[in-house]
Protein chains: 2
Amino acid sequence: MLKISELSEQTGLSAHTLGYYEKHGLINASNRSEAGYRFYTDSDVRRVEFVKTARNTGFSLEDIGQLLSIRVDKLSHSCQEVTDITRKKLDEVNAKLLELQSMQQTLQLLLDKKNAERTEQGGAAK
Amino acid sequence: MLKISELSEQTGLSAHTLGYYEKHGLINASNRSEAGYRFYTDSDVRRVEFVKTARNTGFSLEDIGQLLSIRVDKLSHSCQEVTDITRKKLDEVNAKLLELQSMQQTLQLLLDKKNAERTEQGGAAK
DNA sequence: GTTGACCTTAGAGTTAACTATAAGCTTATA
DNA sequence: TATAAGCTTATAGTTAACTCTAAGGTCAAC
């Protein structure tokens, strides 16, 4: 069980940001102390990491809410709805993957070229 | 040669957004008419598409400025600087790729499960 | 030659996502 | 037991990235 400062340290997100995510319904502390202090489980940590990952790859908080609901939600949507949302999000993820792969290739080529230059002529800089 | 409205249509970005990108030094029209109308070449279009792609995968406009400078800039940075920036950006891209791949896997599994359910019991919905 | 769609620049307004401040309660340490 | 660090909620402020408005110039079509 982690306190919010410990969760903050583990995830690299500020306690303020965690509060912001909670206010927007993305995360929640599984437990509270008598006095109301938040306590987080391993499962909570994984959820926060997921939000961080999705955020980092360009999904909005609203998108992320949908992504999370796919994993959890067996009640508030019909099967067909869940399937549709999942497919739509998967398409988005795949599109981003393709885009990133082409960017990766471009950068890798540039780096390889730099390295070749350095190797063949002993590092004469600009 | 495309006018700004045509570029807007081709890229799906509004003329306002294109102006915003120009003001921030990310893109530019290769040519202007007598009266000052912007005209864009194929190369301009590719640059805009690159900005759009990077934006969509979670890079800030500042990041994108750096990414673009790697591709173009042979003068304002030393070789070593360019190599360092390139490597840093490549690391970022690779990290995002890993994150997206794990998300893709999660979603694909969910979808496969849905399909299996549908197949094995003839589509009895919730 | 005038009308309407499109272009220009400049600047104001909006939204998402933080980020910080404040006032007060809790809890471990000296 | 007091003092400081950490927690609570609520609310205000900031920043990036658009998005819109306005005032006026351009250009093709009628």
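Since this is a predicted model, take the numbers as computed values, not measurements. All heavy atoms count here, side chains included; hydrogens, waters and symmetry mates do not. In what follows, chains carry the letters A, B, and so on, assigned in the order in which the sequence lines appear, proteins first and then strands, with residues in each chain numbered from 1.
Rounded to whole angstrom, the span from the OH atom of Tyr37(A) across to the P atom of dG24(C) amounts to 16 Å. Here the P atom of nucleotide dA16(C) and the CD atom of Glu62(A) are 8 Å apart, to the nearest Å. Computed from coordinates, the Phe39(B) CZ to dC7(C) P distance equals 9 Å when rounded to whole Å. Between the CG atom of Asn56(B) and the C1' atom of dC18(D) there is a distance of 15 Å, rounded to whole Å. One can place OH of Tyr40(B) at 11 Å from C1' of dC7(C), the figure rounded to the nearest angstrom. Protein atom CG of Asn28(B) is 11 Å distant from nucleotide atom P of dT9(C), rounded to whole Å. Atom CG in Leu26(A) sits about 13 Å away from atom C1' in dC18(C), given to the nearest Å. Atom NZ in Lys52(B) sits about 16 Å away from atom C1' in dA17(D), given to the nearest Å.
In this structure, Tyr21(B) reaches the dC18(D) phosphate: one of its side-chain N or O atoms is under 4.0 Å from OP1 or OP2. Contact between the side-chain N/O atoms of Arg38(A) and the OP1/OP2 oxygens of dT9(D) is found at a separation under 4.0 Å. For Arg32(B), a side-chain nitrogen or oxygen approaches OP1 or OP2 of dT9(C) to under 4.0 Å. Listed pair Ser5(A) / dC7(D) meets the phosphate criterion, a side-chain N or O lying under 4.0 Å from OP1 or OP2. OP1 or OP2 of dC18(C) lies within a sub-4.0 Å distance of a side-chain N or O belonging to Arg55(A).
No engagement by Ser14(B) is indicated, since no non-hydrogen atom pair under 4.0 Å with the nucleic acid exists.
Because its NZ or CZ atom is not both nearer than 6.0 Å to the ring centre of Phe59(A) and within 45° of the ring axis, Lys89(A) does not count as a cation-pi partner of that residue. Relative to the six-membered ring of Tyr21(A), Lys52(A) misses at least one condition, a distance below 6.0 Å or an angle of at most 45° to the axis.
Interface remark: the His16(B) side chain does form a donor-acceptor pair with the dC20(D) base, using a distance-only criterion of under 3.5 Å.
Heavy atoms from other residues, nucleotides or ligands lying under 6.0 Å from CD of Glu62(A) number 12 at most.
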**OP:** Would you check, one step at a time, whether the test ring pair (Phe, Tyr, Trp, His ring centres under 6.0 Å) holds for Tyr20(A) with His24(A)?
**Re:** CA-CA 6 Å; Tyr20(A) 181 77; His24(A) 287 71; 4.2 Å; yes
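Remark on DNA chain C: of its neighbouring residues Ser33(A) and Ala15(B), the 5'-side contact belongs to Ala15(B), judged by nearest-heavy-atom nucleotide. The residue among Leu61(B) and Ala35(B) whose nearest nucleotide of DNA chain D is located toward the 5' end is Leu61(B).
Of all heavy-atom pairs between Ser69(B) and Gln66(B), the closest is OG-O, 2.8 Å.
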